[in-house]
Amino acid sequence: MTRLSDYFLPTLKDPPADAEAISHQLLVRAGMVRQLGAGLWTYLPAGWRVHRKIEAILREEMDAIGAQEMLAPVLQPAEHWEKTGRYAIDELFKLEDRRGAPMVLAMTHEEALTSHVARDVRSYRDLPVMLYQFQVKERDEPRPRAGVLRTREFIMKDAYSFDRDQDGLEASYARQSEAYERIFERCGLEWYRVESDVGMMGGSGAHEFMAPCAAGENDVALSDAGYAANVEVACATASPIEELPEPLAAPEPVATPGARSIDEVSALLDVPRGALIKSMPMIVGEEERPLLCLLRGDHSLNEIKLRNALGAAVRQARQEEIGERFGSPVGFVGPIGSPAGVLADEALRGMSGMVAGANRADTHLLGVDLERDLSADWADFRTVEVGDCCPAGAEIRIEPAIEVGNIFKLGTRYSKPLGATFLDEDGAEQTIVMGSYGIGPARILAAAVEQFADDAGICWPRAIAPFDIEIVALGKGDEEVAKVANDLYEDLRALGLDVLYDDREASPGQKFADAELLGCPLRATIGRRGLEAGELELQVRRGLEQSALALDGAAQEILERWQSLA
RNA sequence: CGGGGCGUGGCGCAGCUUGGUAGCGCGCCUGCUUUGGGAGCAGGAGGUCCCCGGUUCAAAUCCGGGCGCCCCGACCA
């Protein structure tokens with residue numbers, strides 16, 4: 001019997017001073033997690049129960065699509081990471097064994113799993129295969145934050161698909177995606193699937209599963225027409241600029257002494273910020289090629305989109321490089337007459353009467369029309385903004401969300417360097433086509449706290465609550481109360497519910513407060529008052545609605561109520 | 001990596017400016033009373049004041065160095 005009097009659930013009246021995020025505060029206060037170091041968290045019994053419930057759901061859904069559970073080590077020889085070129089990643093923990101051999105702590109398991117498949121899969125007959133595990137990941141995060149949301153060590157469900165060709169990958173990817181939808185639905189989260197950047201994973205396509213919440217680290221662009229994308233990759237049509245200056249037959253210089261920023265120039269010339277052309281000196285790729293990137297003055301550059309458009313790494317030019325490579329004083333850089341290549345953002349198409357830097361101190365040009373005045377390359381590399389229009393014409397809004405899962409089409413990013421190949425029907429050697437699919441149970445847990453908490457504490461979705469119901473017995477030493485509580489406990493257990501029994505010698509207020517903090521979906525209160533009427537009181541945690549229940553047949557009634565909860 | 005903040009009993013904090021007995025609330029232990037919304041009374045336990053060094057008769061307090069943690073940004077499957 002799980003009695004609170006001997007269960008390790010150290011609750012706190014006040015949140016730790018350094019906790020900011022709601023999930024951070026509540027998980028600590030409710031006695032579910034404790035911090036061991038920056039980004040290093042221990043799950044106490046109640047918190048671990050939630051984690052395990054989430055794992056169970058993941059396991060069922062992975063098994064249901066034919067994925068096979070296994071386990072690979074966290075500590076790995078560096079060799080495999082050198083082969084895939086990921087040994088240089090800053091977030092990768094590196095160490096040496098006693099012989100001085102370079103080792104790493106895995107941040108994900110593509111190298112390990114792909115190596116095994118490379119060794120043991122030889123024939124098209126062995127494919128496709130989908131493997132998964134729950135395993136610790138280690139990442140030397142530059143900044144762990146928000147309690148359990150961004151940590152240096154965490155458990156991930158990571159799955160990997162191995163197919164013989166792109167069609168196979170597409171099918172595996174679709175199966176995983178559908179499983180993910182069922183998983184987040186079952187966990188009771190509010191969630192959506194968005195297009196995402198492939199990032200350091202490499203590969204040809206990716207989606208993220210996002211749970212909207214205040215503590216979210218990602219910004220997601222959404223529209224009522226169903227558009228959903230991480231702002232890192234989101235594309236939209238810009239809202240037009242009102243009151244553009246008159247177009248001119250040709251660009252004309254204008255004195256703008258000391259006006260180096262968009263705001264200064266806009267104020268000095270009395271034109272909207274969007275009438276300016278923002279010229280951003282960038283340096284592209286290994287070869288350090290200078291490139292002048294042009295944006296509407298009120299827009300901002302999205303380095304990820306730019307990198308993806310160029311297919312190369314980019315960075316902003318340093319102050320001294322601007323003079324040397326872009327031939328202009330800082331603050332007056334512009335496209336016309338620029339020695340560097342020019343790449344204009346699509347939002348500038350068709351605009352005339354624009355203001356741009358003149359590549360001369362204290363001077364700008366009026367009446368610039370990019371398509372008329374120079375031949376630039378064009379691409380979409382601006383960050384979308386609230387009020388833009390999605391492809392279906394609906395207005396874009398942006399909200400914070402936490403990434404709870406992601407799926408990647410890896411292609412041959414790992415199979416090629418690790419030699420994961422097979423022989424096809426014709427005896428020809430082919431490279432395996434891969435996908436990878438990750439979910440962080442801790443993030444599901446934290447997102448659920450964030451999404452459903454109220455002033456009193458956590459309100460767990462039914463499927464992942466540490467316990468289904470908490471019985472609160474009132475009245476110290478009242479044997480009848482204790483007996484009724486005990487009986488109810490056993491009856492509910494027999495019906496398959498997880499029950500927590502608060503049998504402590506604490507005041508009613510304290511017990512109620514702790515129960516609401518922990519957030520089990522139901523609370524059954526048994527006290528003298530109710531007993532005399534032959535009743536107990538049932539509280540639904542979400543909404544705190546209370547009702548009286550006849551003691552006779554209470555367990556069955558409670559089960560039915562529980563089944564009807566979200 | 002840049003900016004800011006914090007480190008004093010389990011939690012939240014005061015004390016530091018102006019050096020001299022380490023304090024408050026909550027929690028914890030014991031006893032009695034109390035039991036439908038964080039109870040009352042009485043008694044009690046618990047602190048290398050983050051660490052190292054310096055100044056001083058004397059350092060939580062002043063000085064130097066280090067470490068840890070949090071927040072913002074950069075970064076980030």
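Throughout, protein chains are lettered first and strands after them, A, B, ... in sequence-line order, and every chain is numbered starting at 1. FYI, side chains are in, hydrogens and waters are out, and symmetry mates aren't considered; it's all heavy atoms of this structure.
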Please work out if [X] contacts a base, only the sugar-phosphate, or nothing of the nucleic acid, heavy-atom cut-off 4.0 Å.
X      : answer
A:R34  : nothing
A:L12  : nothing
A:Q35  : sugar-phosphate
A:P10  : nothing
A:A146 : sugar-phosphate
A:G530 : base
A:E505 : nothing
A:A506 : base

Does the side chain of [X] pick up a donor-acceptor pair with the side chain of [Y] at under 3.5 Å?
X      : Y      : value
A:T114 : A:Y160 : no
A:S436 : A:E110 : yes
A:D158 : A:Q133 : yes

For the [atom1] atoms, the ones on [N] and on [M], what distance do you get once it is rounded to whole angstrom?
N      : M      : atom1 : result
B:rU33 : B:rG23 : P     : 33 Å
B:rG19 : B:rA58 : P     : 15 Å
B:rU34 : B:rC69 : C1'   : 42 Å
B:rG15 : B:rA60 : C1'   : 8 Å
B:rA22 : B:rA59 : C1'   : 13 Å
B:rG43 : B:rU61 : C1'   : 34 Å
B:rC62 : B:rG3  : P     : 23 Å
B:rG5  : B:rC63 : P     : 15 Å

Among the nucleotides [options], which one has an atom lying closest to any side-chain atom of [X]?
X      : options                : answer
A:Q539 : B:rG36, B:rA77, B:rG37 : B:rG37
A:T108 : B:rC71, B:rC69, B:rA77 : B:rA77
A:N406 : B:rG12, B:rC70, B:rA77 : B:rA77
A:Q546 : B:rG38, B:rG36, B:rC70 : B:rG36

Interatomic distance, [X] [atom1] vs [N] [atom2] [rounded to whole Å]:
X      : N      : atom1 : atom2 : result
A:F93  : B:rA77 : CZ    : C1'   : 16 Å
A:K13  : B:rC13 : NZ    : P     : 16 Å
A:W41  : B:rC70 : CH2   : P     : 8 Å
A:E535 : B:rG36 : CD    : P     : 17 Å
A:R145 : B:rA74 : CZ    : C1'   : 13 Å
A:N302 : B:rA74 : CG    : C1'   : 15 Å
A:E470 : B:rG36 : CD    : P     : 18 Å
A:D158 : B:rA77 : CG    : P     : 16 Å

Report task. Would you give the length of the straight line joining atom CZ of A:R152 to atom CD of A:E138, rounded to the nearest 0.5 angstrom? Result -> 9.5 Å

Mate of [N] where both pairing distances stay under 3.5 Å, Watson-Crick or G-U:
N      : answer
B:rG46 : none
B:rG27 : none
B:rG68 : B:rC6
B:rC32 : B:rG40
B:rA60 : none
B:rU17 : none
B:rC1  : B:rG73

Report task. Can you run down the ring-ring contact (aromatic ring centres under 6.0 Å, His included) pairs that involve residues 6-33 of chain A, sequence neighbours left out, and say none if there aren't any? Result -> A:Y7-A:F467, A:H24-A:W41

**Report entry** Side-chain N or O of A:R143 closer than 4.0 Å to phosphate OP1/OP2 of B:rC72
**Finding:** yes

Report task. Using a cut-off of strictly less than 4.0 Å, decide whether A:R150 has a side-chain nitrogen or oxygen near OP1 or OP2 of B:rC75. Result -> no

Query raised in the report: Hey, is the side chain of A:R523 pairing donor to acceptor with the base of B:rG37 inside 3.5 Å?
Result: yes

Query raised in the report: Is there a donor on the side chain of A:E516 or the base of B:rG38 sitting less than 3.5 Å from an acceptor on the other?
Result: no

Report task. Would you mind telling me which residue lines up with the more 5' stretch of RNA chain B, A:E537 or A:F154, judged by nearest nucleotide? Result -> A:E537

Query - Closest-nucleotide ordering on RNA chain B, the 5'-leading residue of A:I304 and A:R528 - result: A:R528

Query - Close residues, residues 507-515 of chain A, relative to RNA chain B [heavy-atom separation under 4.0 Å] - result: A:S507, A:P508, A:G509, A:Q510, A:F512, A:A513, A:D514

Query raised in the report: Taking atom CG of A:D6 as the centre, does the number of heavy atoms from other residues, nucleotides or ligands within less than 6.0 Å exceed 12?
Result: yes

Query raised in the report: More than 12 non-hydrogen atoms from neighbouring residues, nucleotides or ligands closer than 6.0 Å to NZ on A:K94, yes or no?
Result: yes

Report task. Give the minimum heavy-atom separation between A:A72 and A:A112, together with the two atoms involved. Result -> CB-CB, 4.3 Å

Report task. Determine the sole option in A:V233, A:V404, A:V220, A:N230 for which the side chain to side chain contact (heavy atoms under 4.5 Å, CB included) test with A:E208 is passed. Result -> A:N230

Requested in this report: In sequence, state the C-alpha distance, the side-chain angles, and the governing distance for A:R150 and A:E403, and then conclude on salt bridge (Lys or Arg N to Asp or Glu O under 4.0 Å).
Outcome: CA-CA 10 Å; A:R150 180 158 218 95; A:E403 179 188 350; over 6 Å; no

Query raised in the report: Hey, do the aromatic rings of A:F209 and A:F184 have their centres closer than 6.0 Å?
Result: yes

